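Notes follow once the structure below has been shown.
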Amino acid sequence: MQPSNLTTTLIEKYQPQVIEPKWQARWNADQVYRAAVDPDRPKYYALTMLPYTSGNLHIGHWYAMAPSDAHARRQRMLGYNVMFPPGFDAFGLPAENAAIAHGTHPKTWTYANVENMRRQLRSMGAAWDWQREAITCDPHYYRWTQWLFIQLFNHGLAYKKMARVDWCPSCNTSLAREQVIGENRVCERCKTPVIRKNLEQWFFRITNYAEELLSFDGLDWPDPIKTAQTNWIGRSRGASVAFTSDQGDPIEIFTTRPDTLWGATFLVLAPEHPLVEKLTPPGFQHAVETYVAWATRRTDVLREATDNEKTGVFSGTYAINPVNDQRVPIWIADYVLMSYGTGAVMGVPAHDQRDFEFAKKHNLAIRLVVQPPGQTVTGDSLTKAWLQEGQMVNSGPLDGLPVGKGKGESVRAAIHWLEQTGNGMGAVRYRLHDWLISRQRYWGAPIPIIECPTHGLVPVPDDELPLLLPEDVAWLPSGQSPLKLHPTWAQTTCPKCGQPALRDTDTMDTFMCSSWYHLRYLSPHYDQGAFDPHEYDYWMPVDTYTGGAEHATMHLIYTRFFHKALRDFGLTQGAEPMLKLRNQGQVLGPDGQRMSKSRGNVIDPDEQVRRYGADTMRAYLMFAYRWSEGGPWSSKNIQGVVRWLNRVWRLALPADTQLPPNGQDSQLVAQTADSSDRLQRRLRRFLHQNIQKVSHDFDGFEFNTAISALMDLSNEVQKLRPHLEGTAAWDEAITSLLLMMAPITPHITEELWARRALRYSIHQQSWPTYDPAAAAEESITLVVQVNGKVRDHVQVSVDVSEADAKAAALAAPRAQKYLAGHEVREIIHVPQTLVNILTG
RNA sequence: GCCGGAGUGGCGGAACUGGCAGACGCGCACGACUCAAAAUCGUGUACCUUCGGGUAUGUGGGUUCGACUCCCACCUUCGGCACCA
């Protein structure tokens with residue numbers, strides 16, 4: 001035997017820091033990942049959510065993108081023409097805040113960050129097609145964001161109105177309803193509690209699409225996302241009914257329980273309801289004004305807390321309930337919200353808990369209309385509202401009708417009666433609000449609208465797009481749009497009449513930019529439209545979209561809305577932009593907490609890449625957790641992946657550069673007498689079962705178990721090395737192992753592929769084909785149970801008959817032990833799997 | 001309060017349509033190699049045990065020949081929604 005120190009020098013160590021940049025440069029030079037339209041090949045559009053230009057990729061970006069890349073790479077190996085484009089969400093507040101804090105221009109800051117993040121994305125070794133890169137703050141990009149805004153405007157889907165809007169006092173801008181989160185109503189970005197302001201703002205009529213957005217037909221999206229969107233849209237079926245005030249004003253109310261209309265004993269208007277002032281007679285004005293002023297001052301958090309006291313004030317006037325001509329008092333109370341329904345409700349204290357509390361507090365009548373089964377109660381004897389099933393009473397035409405669990409029947413009957421008699425009609429309401437897109441900040445796409453004193457709101461003409469964002473602007477956190485403070489920018493002339501006119505000085509919500517970026521990727525340099533229809537026809541829709549679940553009710557609703565609107569303008573086709581959605585979980589700090597600078601538990605991917613290499617990072621992130629769940633980072637567990645890649649390195653290199661194996665599997669030593677043929681069959685069986693498993697796991701985004709299986713394969717190959725190295729089966733196994741690892745660890749596999757003198761590039765090879773014949777077992781192990789407990793195992797042939805399987809089980813020695821002295825009552829046979837013997 | 005997801009060894013996590021719970025990895029223990037260590041390789045590793053076996057997938061019930069998996073109730077935890085009429 002050679003002296004060991006001499007042998008060690010023969011081993012060339014696995015050095016990711018050397019091979020990774022080498023292959024990245026080569027792939028780039030050869031344009032290996034260029035995705036061009038090719039009608040002869042099936043396409044696959046793999047999209048991962050574009051990162052914001054914060055300056056650095058964090059571990060979460062790696063966790064989202066590297067597995068998405070691995071999945072896309074495998075699709076290439078399956079024969080698809082795959083497009084996997086990179087880009088940057090580059091407009092937004094942090095750039096401007098950096099400008100305020102450090103005096104750096106937002107543009108300078110942003111593009112410096114883009115530079116760094118490009119470098120980081122390249123270090124990932126992902127199959128990005130860089131020729132498709134899109135940056136949302138680029139004028140060539142936002143020209144089309146503005147153009148799309150104008151399309152929405154021309155089709156009546158963008159409108160401007162004065163509204164009471166959510167305002168973040170820290171970000172100094174208004175926010176969309178979706179961007180106010182939690183019961184504390186904080187800003188989605190900075191977590192500052194929002195306040196209300198009355199402002200004239202631009203909205204997109206997303207509510208026009210509420211009904212269609214509720215349909216997820218043909219979408220392979222996670223249920224929790226579909227549920228979150230469904231809840232957010234908040235469809236309610238009911239009826240709308242107009243009461244008539246003493247002054248003759250119709251007051252429209254919406255109710256989901258029209259069957260309880262006969263139980264209405266009062267009417268409640270929100271303090272902001274437009275009729276409040278008009279309805280209030282002189283004697284009540286002071287009290288009402290005082291209450292409205294008080295309610296307006298109260299924060300939304302206080303007003304919307306469910307355990308609130310039901311405050312309110314009598315308006316001094318009455319209204320007629322059209323169903324029974326009863327005259328009921330009109331109250332003003334802030335438990336009714338102007339932002340939902342009509343801002344007015346009927347009070348049915350007997351059958352609505354909120355109305356019940358209000359009636360008790362203010363001594364209003366309680367009229368029972370649903371009699372609980374088997375009881376005789378009256379409104380006065382109720383201690384809380386009766387919401388369960390029962391029978392209609394005191395309700396004229398509905399008397400005697402059963403009220404079922406779902407209330408469907410009685411509600412339908414009530415609506416039917418209302419429509420027959422002309423007293424009201426069935427109605428549907430949504431919780432969804434129109435999307436507020438005006439932002440009072442600088443670093444965004446300017447809203448391309450001019451306000452002319454004569455012609456009103458006029459779009460900037462097409463040939464003047466992009467409407468450039470001026471660079472000489474002062475960024476003051478003043479709450480005023482910086483563009484408004486610019487001395488000349490807003491001043492222009494009306495495109496229609498040439499008279500002096502003013503530009504809109506707000507910029508657009510950056511979610512607008514990201515609502516269509518998947519379309520710009522199709523043709524980022526195209527200047528005849530937002531995207532090239534030729535590219536659209538080939539690539540769209542997106543086949544898989546990956547990203548965080550936190551976008552459920554923001555980006556993922558907006559982008560669906562956009563697609564549907566553009567479809568109605570004839571620009572896109574089909575109902576949905578993204579067919580399959582998969583969400584990754586979150587990588588936590590080593591302490592199991594969310595990573596944050598303040599906790600000091602942040603793992604920097606650049607540092608990890610320097611230490612371990614990109615392949616190890618990629619494989620570790622895919623191996624450590626179920627992708628959809630995530631979990632804590634562990635610098636211990638990553639060692640398992642480090643070892644694995646080193647083992648594969650040694651395995652795939654020729655044996656004469658290796659240390660001789662110094663351990664022997666005793667079972668295998670015994671088998672050396674056995675023919676190599678038989679061992680080769682064993683290896684091929686293992687391999688082909690493995691190919692099937694890894695393929696299945698890749699299809700399901702189950703990267704952790706795919707890697708487990710690949711580790712299993714490398715373990716098996718290593719065991720058999722002393723006996724099979726150089727045989728056809730051995731080479732097939734190593735080749736297949738490298739091919740299946742290639743999407744996960746692209747660099748090491750390319751290097752080993754080259755060293756085994758196989759054809760460049762491994763990333764242009766086909767995924768190994770599963771051969772069922774090779775995978776077939778020669779014999780199977782049946783589990784033998786006695787009374788449901790595992791007692792023995794027996795080897796039988798694969799095509800064993802039921803009778804033979806049972807006989808073999810009964811004959812199993814360890815089973816016999818438990819059968820002695822007992823009568824066999826029944827034998828359950830699960831083919832290929834198990835025999836369960838039941839005794840009497 | 002309502003709607004979702006998740007509770008499995010010391011740890012990260014496996015288990016396809018109900019059929020051998022704990023794959024794969026970490027950690028740990030022992031062994032080989034080494035003067036020694038690291039690296040590498042091999043063996044073992046849920047718990048209890050009188051070594052026959054018994055008990056275990058958050059808790060308590062149920063269905064079934066058989067339950068991590070299905071049903072009911074509850075507990076913990078993480079998200080989402082919430083005076084939405």
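Note that the coordinates shown come from a computational prediction; the quantities given were computed from them, not determined experimentally.
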Between [N] ([atom2]) and [X] ([atom1]): distance, integer Å:
{"X": "A:Glu550", "N": "B:C81", "atom1": "CD", "atom2": "C1'", "result": "17 Å"}
{"X": "A:Asn690", "N": "B:A23", "atom1": "CG", "atom2": "C1'", "result": "12 Å"}
{"X": "A:Arg354", "N": "B:C83", "atom1": "CZ", "atom2": "P", "result": "9 Å"}
{"X": "A:Tyr335", "N": "B:C83", "atom1": "OH", "atom2": "C1'", "result": "9 Å"}
{"X": "A:Leu713", "N": "B:A23", "atom1": "CG", "atom2": "P", "result": "18 Å"}
{"X": "A:Gln639", "N": "B:C24", "atom1": "CD", "atom2": "C1'", "result": "17 Å"}
{"X": "A:Phe243", "N": "B:A85", "atom1": "CZ", "atom2": "P", "result": "17 Å"}
{"X": "A:Asp355", "N": "B:C84", "atom1": "CG", "atom2": "P", "result": "10 Å"}

[Y]/[X] salt bridge by N-O under 4.0 Å criterion:
{"X": "A:Arg196", "Y": "A:Asp166", "result": "yes"}
{"X": "A:Glu357", "Y": "A:Lys361", "result": "no"}
{"X": "A:Asp220", "Y": "A:Arg582", "result": "yes"}

Report the residues that fulfil ring pair (Phe, Tyr, Trp, His ring centres under 6.0 Å) with [X], sequence neighbours left out, ordered by chain and then residue number.
{"X": "A:Trp386", "answer": "none"}
{"X": "A:Trp331", "answer": "A:Phe314, A:Phe358, A:His362"}
{"X": "A:Tyr625", "answer": "A:Tyr63"}

Base, sugar-phosphate, or nothing for [X], non-hydrogen atoms under 4.0 angstrom?
{"X": "A:Arg237", "value": "nothing"}
{"X": "A:Val336", "value": "base"}
{"X": "A:Trp644", "value": "nothing"}
{"X": "A:Arg647", "value": "sugar-phosphate"}
{"X": "A:Val790", "value": "sugar-phosphate"}

[Y] and [X] aromatic ring geometry - parallel, tilted or perpendicular at 30°/60° bounds:
{"X": "A:Trp221", "Y": "A:Phe216", "result": "tilted"}
{"X": "A:His688", "Y": "A:Tyr770", "result": "tilted"}
{"X": "A:Trp294", "Y": "A:Tyr291", "result": "tilted"}

[N] versus [M] - spacing of their [atom1] atoms, nearest Å:
{"N": "B:C2", "M": "B:C48", "atom1": "C1'", "answer": "44 Å"}
{"N": "B:C81", "M": "B:G19", "atom1": "P", "answer": "37 Å"}
{"N": "B:C28", "M": "B:C11", "atom1": "P", "answer": "15 Å"}
{"N": "B:A56", "M": "B:G62", "atom1": "P", "answer": "14 Å"}
{"N": "B:G4", "M": "B:A85", "atom1": "C1'", "answer": "24 Å"}
{"N": "B:C26", "M": "B:G13", "atom1": "P", "answer": "16 Å"}
{"N": "B:U50", "M": "B:C41", "atom1": "P", "answer": "37 Å"}
{"N": "B:G9", "M": "B:G60", "atom1": "P", "answer": "15 Å"}

* Count the heavy atoms of every other residue, nucleotide or ligand shown that sit under 6.0 Å from CZ of A:Arg594, and state whether that count exceeds 12. => no
* Asked: Base of B:G27 relative to its sugar, syn (within 90° of 0) or anti?
  -> anti
* Syn/anti state of B:G9 by chi, 90° boundary around 0 -> syn
* Structure fact -> The contact string for nucleotides 52-58 of chain B, one letter per nucleotide 5' to 3', using protein heavy atoms under 4.0 Å with B, S and - for base, sugar-phosphate only and none, comes out as SSSS---
* Structure fact -> Protein-proximity profile, nucleotides 3-16 of chain B, B/S/- by nucleotide at the 4.0 Å heavy-atom cutoff, equals SS-------BSS--
Please produce a list of atom pairs where a protein N or O lies less than 3.5 Å from an N or O of nucleotides 65-69 of chain B.
| unit_1 | atom_1 | unit_2 | atom_2 | d |
| --- | --- | --- | --- | --- |
| B:C65 | O2 | A:Asn836 | ND2 | 2.6 |

* Structure fact -> Residue pairs passing the salt bridge (Lys or Arg N to Asp or Glu O under 4.0 Å) test with at least one member in residues 621-639 of chain A, sequence neighbours excluded, are none
* What residue pairs, at least two apart or across chains, pass salt bridge (Lys or Arg N to Asp or Glu O under 4.0 Å) with a residue in residues 688-710 of chain A? -> A:Arg74-A:Asp699, A:Lys693-A:Asp697
* Under the side-chain hydrogen bond (donor to acceptor under 3.5 Å, both in side chains) test, residues paired with A:Asn787 that sit two or more places apart -> A:Thr839
* Residues in side-chain hydrogen bond (donor to acceptor under 3.5 Å, both in side chains) with A:Tyr335, at least two apart? -> A:Asp355
* Whichever of A:Phe254 and A:Thr781 has its nearest RNA chain B nucleotide further upstream toward 5' -> A:Thr781
* To do: Look at A:Arg594 and B:C78 and indicate whether a side-chain polar atom (N or O) is within less than 4.0 Å of OP1 or OP2.
  => no
* **Candidate pair A:Glu252 and A:Arg429, rule salt bridge (Lys or Arg N to Asp or Glu O under 4.0 Å), full reasoning** => CA-CA 13 Å; A:Glu252 199 192 332; A:Arg429 295 281 166 178; 3.5 Å; yes
* Asked: Taking both distances under 3.5 Å as the test for a Watson-Crick or G-U pair, what stems of at least three pairs does RNA chain B have?
  -> B:1-7 with B:75-81, B:10-12 with B:24-26, B:27-32 with B:40-45, B:46-48 with B:53-55, B:58-62 with B:70-74
* To do: Would you please name every residue forming a salt bridge (Lys or Arg N to Asp or Glu O under 4.0 Å) with A:Lys226, sequence neighbours left out?
  => A:Asp223
